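One structure is given here, and the rest of the page talks about it.
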2 protein chains.
Amino acid sequence: MGVTLKQLAASLGLSPTTVSRALNGFPEVNPSTRKRVQEAAERANYRPNTRAKSLATGRAQAIGHVIPVSTSHELVNPIFADFIAGAGEIYGQAGYEMILRVVADDDEQRAYDDLVARGAVDGIIVHGPRVHDPRVDMLTKLGVPFLVHGRTSQVNTLYSWLDINNQRSFRRAAQVLLDFGHKRIALINGLEEMDFAQRRRSGYLEALAASGIAPDPMLLRQAEMTEPYGYRAAQEMMQLPDPPTAFLASSMIVAYGLRRGLSDLGLKLGRDVSIVTHDDELSYLPNDGDVPMFTATRSSVREAGRRAARMLLRLVNEPKCGPLTELMETSLVLGASTGPARS
Amino acid sequence: MGVTLKQLAASLGLSPTTVSRALNGFPEVNPSTRKRVQEAAERANYRPNTRAKSLATGRAQAIGHVIPVSTSHELVNPIFADFIAGAGEIYGQAGYEMILRVVADDDEQRAYDDLVARGAVDGIIVHGPRVHDPRVDMLTKLGVPFLVHGRTSQVNTLYSWLDINNQRSFRRAAQVLLDFGHKRIALINGLEEMDFAQRRRSGYLEALAASGIAPDPMLLRQAEMTEPYGYRAAQEMMQLPDPPTAFLASSMIVAYGLRRGLSDLGLKLGRDVSIVTHDDELSYLPNDGDVPMFTATRSSVREAGRRAARMLLRLVNEPKCGPLTELMETSLVLGASTGPARS
DNA sequence: GCGAGCACCCAAAGCGGTTTGAAAATTGAT
DNA sequence: ATCAATTTTCAAACCGCTTTGGGTGCTCGC
């Protein structure tokens with residue numbers, strides 16, 4: 001819709017070549033001419049046409065995100081918005097566009113394929129990796145730079161990823177509860193096919209094992225992390241003959257559910273029952289203040305978005321910089337939801 | 001990265017022209033040739049380069065969403081993810097790309113400007129309209145098709161929008177509480193500069209007025225809709241000399257906060273205090289079941305995303321179809337959070 | 001005063017598609 | 001067999017930008 005380079009050039013009595021060079025900072029242009037061009041461009045509100053530019057340069061100047069929507073649950077992961085916000089910030093600064101595809105998870109693969117074949121993106125961020133995730137092999141074959149938010153376990157090639165140390169995180173979380181004297185600790189986990197859920201489980205089991213406690217399958221659950229899921233888990237588990245005295249929750253939302261379930265049973269957090277949750281620092285569910293409501297393993301998913309974007313951009317611009325990986329540690333913050341086990 | 005049209009044509013001994021026409025369903029091509037071309041394209045996994053195509057056709061085949069991130073609160077609206085999921089679904093079916101810009105809200109305007117001047121999008125969806133929102137005038141001037149999710153009040157041109165009937169919705173919600181005998185009803189609203197918040201407030205005031213009840217400023221709050229905001233509102237208001245007996249909450253998250261605040265005071269929902277909330281049907285905060293937890297004015301923001309996308313696509317493809325508007329009614333579902341006022 | 005060297009600018013060829021206008025091949029009627 | 005009408009195919013221009021490979025006009029050294 002805007003002015004074209006040609007028009008701008010004509011209005012200045014210059015060739016498109018010169019105008020292009022003047023605006024892109026090439027040296028072989030007279031400083032006075034450059035100034036004249038820049039001013040005219042400013043005045044005319046000229047912006048190079050994205051498509052034309054990237055056709056000419058061969059770079060899409062765009063990063064693709066494929067957001068899978070589980071066909072069964074129609075659920076979109078709430079951490080997604082904050083991650084996107086972080087990544088988008090970086091793309092903006094770097095002059096990259098973010099393009100989003102929302103696809104049913106059964107033809108997610110085709111979406112990547114399509115994105116690449118059409119040359120729509122220079123790089124891709126992979127969300128929600130499963131324990132077995134064919135996407136990594138697929139994207140490797142496609143030869144497009146990509147970065148996984150999280151990891152996948154069953155893959156034999158090297159690839160780039162950014163993850164939090166889920167295992168260590170949950171080991172520590174469980175340890176805190178053990179230190180408080182808890183022996184019956186429930187894990188309210190995410191879907192078991194998710195890689196992060198497996199790692200958290202390992203961390204949890206490790207901590208128990210180190211204390212010589214045998215895990216009880218009755219205290220282990222995995223499902224999509226909704227609020228009612230947490231609620232039901234609390235309600236049902238507290239009715240067991242030998243109920244848990246503490247819970248490990250996989251997200252703030254689940255923790256809210258737990259909390260509600262417990263409070264409906266007349267149980268007080270931190271006194272009767274303890275909770276440690278993972279906290280992605282979602283902006284509308286802050287867990288801060290002098291004494292945060294929940295004791296939590298904390299890691300900003302927004303910051304993860306920023307870092308992931310930076311890493312991917314680097315992969316795009318220095319193709320030979322090899323697979324990049326980063327493991328973010330979480331911090332363990334003490335809140336009001338934990339206390340010694342009642343004897 | 002993929003095969004180009006030229007290469008495909010060469011491999012078939014045909015001209016690019018013919019191949020293009022064969023694939024795009026033009027009539028003037030021999031059926032047998034077409035079949036041959038289609039099969040070859042399939043085999044080679046050919047996809048037309050997005051940029052080249054849209055340069056040639058002059059259509060971006062993309063819709064822009066600008067997501068404002070309030071610089072002060074770094075908060076991204078949680079309904080955003082679900083709206084995007086709905087809209088993305090439609091774009092995918094229509095062969096449109098969704099491009100997202102995340103910008104600090106103080107240079108949001110420049111983002112639109114930029115998007116249009118670069119010819120990056122065919123249409124734009126405007127999120128989070130304020131009571132006074134300069135973006136509508138700006139986009140009208142730019143001459144780009146756009147649709148507002150929500151409305152804005154102080155604008156003198158016609159524009160396209162999709163909104164829910166916030167006023168009626170909250171009038172009904174307040175009415176339900178009044179019918180239950182409540183007279184002290186608090187409104188825990190969103191930020192006051194948001195258009196939706198004003199309309200909800202109007203509905204609430206209307207209902208009170210119709211029952212001859214004077215609104216009490218002490219029972220009115222507006223802020224970003226986080227969980228702790230709800231919590232504090234409940235805690236503080238219940239300590240008033242003349243506390244509310246019922247709350248009207250602007251989102252599920254706020255309602256959760258209220259619930260927690262009340263339960264910490266030992267008050268039981270539906271018996272001691274009532275809550276009616278608006279429910280956007282966010283996927284991870286479902287409010288369903290036989291008896292939903294909250295009595296709510298319900299409207300799927302995901303469905304809103306779908307409808308908005310369809311409307312905008314129509315505006316893009318039939319430029320003269322004029323401003324399109326749609327007002328979605330909410331349903332009022334009775335849940336466990338309401339009951340008669342205690343006398 | 002002349003050619004080398006330099007600073008500055010430009011014409012033209014792409015990038016990968018679509019589309020126009022015309023040519024080649026086929027068909028049908030005479 | 002001939003020619004007009006119709007199919008079917010193609011060459012070339014174009015979309016808006018970048019970039020290669022010259023050009024032009026100056027200055028400078030001799």
Side-chain angles (χ1 to χ4, degrees), chain A residues 1-38 40-41 44-62 95 97 114-122, chain B residues 1-38 40-41 44-62 95 97 114-122:
Chain A
M1 275 287 96
V3 200
T4 72
L5 185 69
K6 201 185 293 185
Q7 294 169 343
L8 187 62
S11 81
L12 283 164
L14 287 170
S15 76
T17 311
T18 305
V19 175
S20 170
R21 307 201 122 143
L23 294 174
N24 289 317
F26 283 65
E28 63 271 74
V29 46
N30 191 309
S32 74
T33 314
R34 166 161 300 152
K35 171 154 278 186
R36 203 158 64 91
V37 171
Q38 281 168 339
N45 195 29
Y46 168 79
R47 312 286 169 87
N49 181 297
T50 320
R51 260 174 300 290
K53 181 163 190 162
S54 66
L55 222 208
T57 58
R59 339 198 63 233
Q61 293 285 99
E97 219 68 80
D114 194 69
L115 232 34
V116 174
R118 309 189 106 92
V121 298
D122 294 322
Chain B
M1 275 287 94
V3 200
T4 73
L5 185 69
K6 202 184 292 184
Q7 294 168 342
L8 187 63
S11 81
L12 283 164
L14 287 172
S15 75
T17 312
T18 305
V19 175
S20 171
R21 306 202 124 143
L23 294 174
N24 290 316
F26 281 66
E28 63 271 70
V29 45
N30 192 310
S32 73
T33 316
R34 167 162 303 156
K35 172 155 277 183
R36 201 158 65 91
V37 171
Q38 282 168 338
N45 196 28
Y46 167 79
R47 311 287 169 88
N49 181 297
T50 320
R51 258 172 301 291
K53 180 163 190 161
S54 68
L55 222 210
T57 58
R59 337 199 64 229
Q61 293 286 99
E97 219 69 80
D114 196 70
L115 232 33
V116 173
R118 308 190 106 92
V121 298
D122 295 322

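Both backbone and side-chain heavy atoms feed into the values below; hydrogens, waters and symmetry mates do not. Just so it is clear: chains get the letters A, B, ... in the order the sequence lines come, proteins before strands, and each one is counted from 1. Predicted, not measured: the structure shown is a model, and the values here were computed from it.
Using modelled atom types, no side-chain atom of B:N24 and backbone atom of B:F26 make a donor-acceptor pair closer than 3.5 Å.
Atom P of nucleotide C:dA7 and atom CG of A:N30 are separated by 12 Å, given to the nearest angstrom. With rounding to whole Å, A:R59 atom CZ is found 23 Å from D:dG16 atom P. The interatomic distance linking B:R118 (CZ) with D:dC15 (C1') rounds to 18 Å, in whole Å. Between A:K35 atom NZ and C:dC8 atom P the separation is 15 Å, expressed in whole Å.
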Q: At under 4.0 Å between heavy atoms, which parts of nucleotides 11-18 of chain C does protein reach? Answer with one letter per nucleotide, 5' to 3': B base, S sugar-phosphate only, - none.
A: BB-BBBBB
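By the side-chain hydrogen bond (donor to acceptor under 3.5 Å, both in side chains) test, B:R47 pairs with A:D114, B:N45, sequence neighbours left out.
Here the shortest heavy-atom pairing between A:A41 and A:L23 reads CB-CD2, 3.9 Å. Closest approach of A:G25 and A:R34 over heavy atoms only: C-NH2, 3.7 Å.
Five base pairs at each end of the helix from C:dG1-D:dC30 to C:dT30-D:dA1 define two local axes, and these are offset by 60° (rounded to 10°).
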Q: Could you walk me through whether A:L14 and A:R36 pass the side-chain contact (heavy atoms from CB on, under 4.5 Å) test, one step at a time?
A: CA-CA 11 Å; A:L14 287 170; A:R36 203 158 64 91; 3.9 Å; yes
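Between C:dC10, D:dT8, D:dC10, one nucleotide has an atom nearer to the side chain of B:E28 than all others, and that is D:dT8.
Remark: the A:S15 side chain and the A:T18 side chain contain an N/O donor-acceptor pair separated by less than 3.5 Å.
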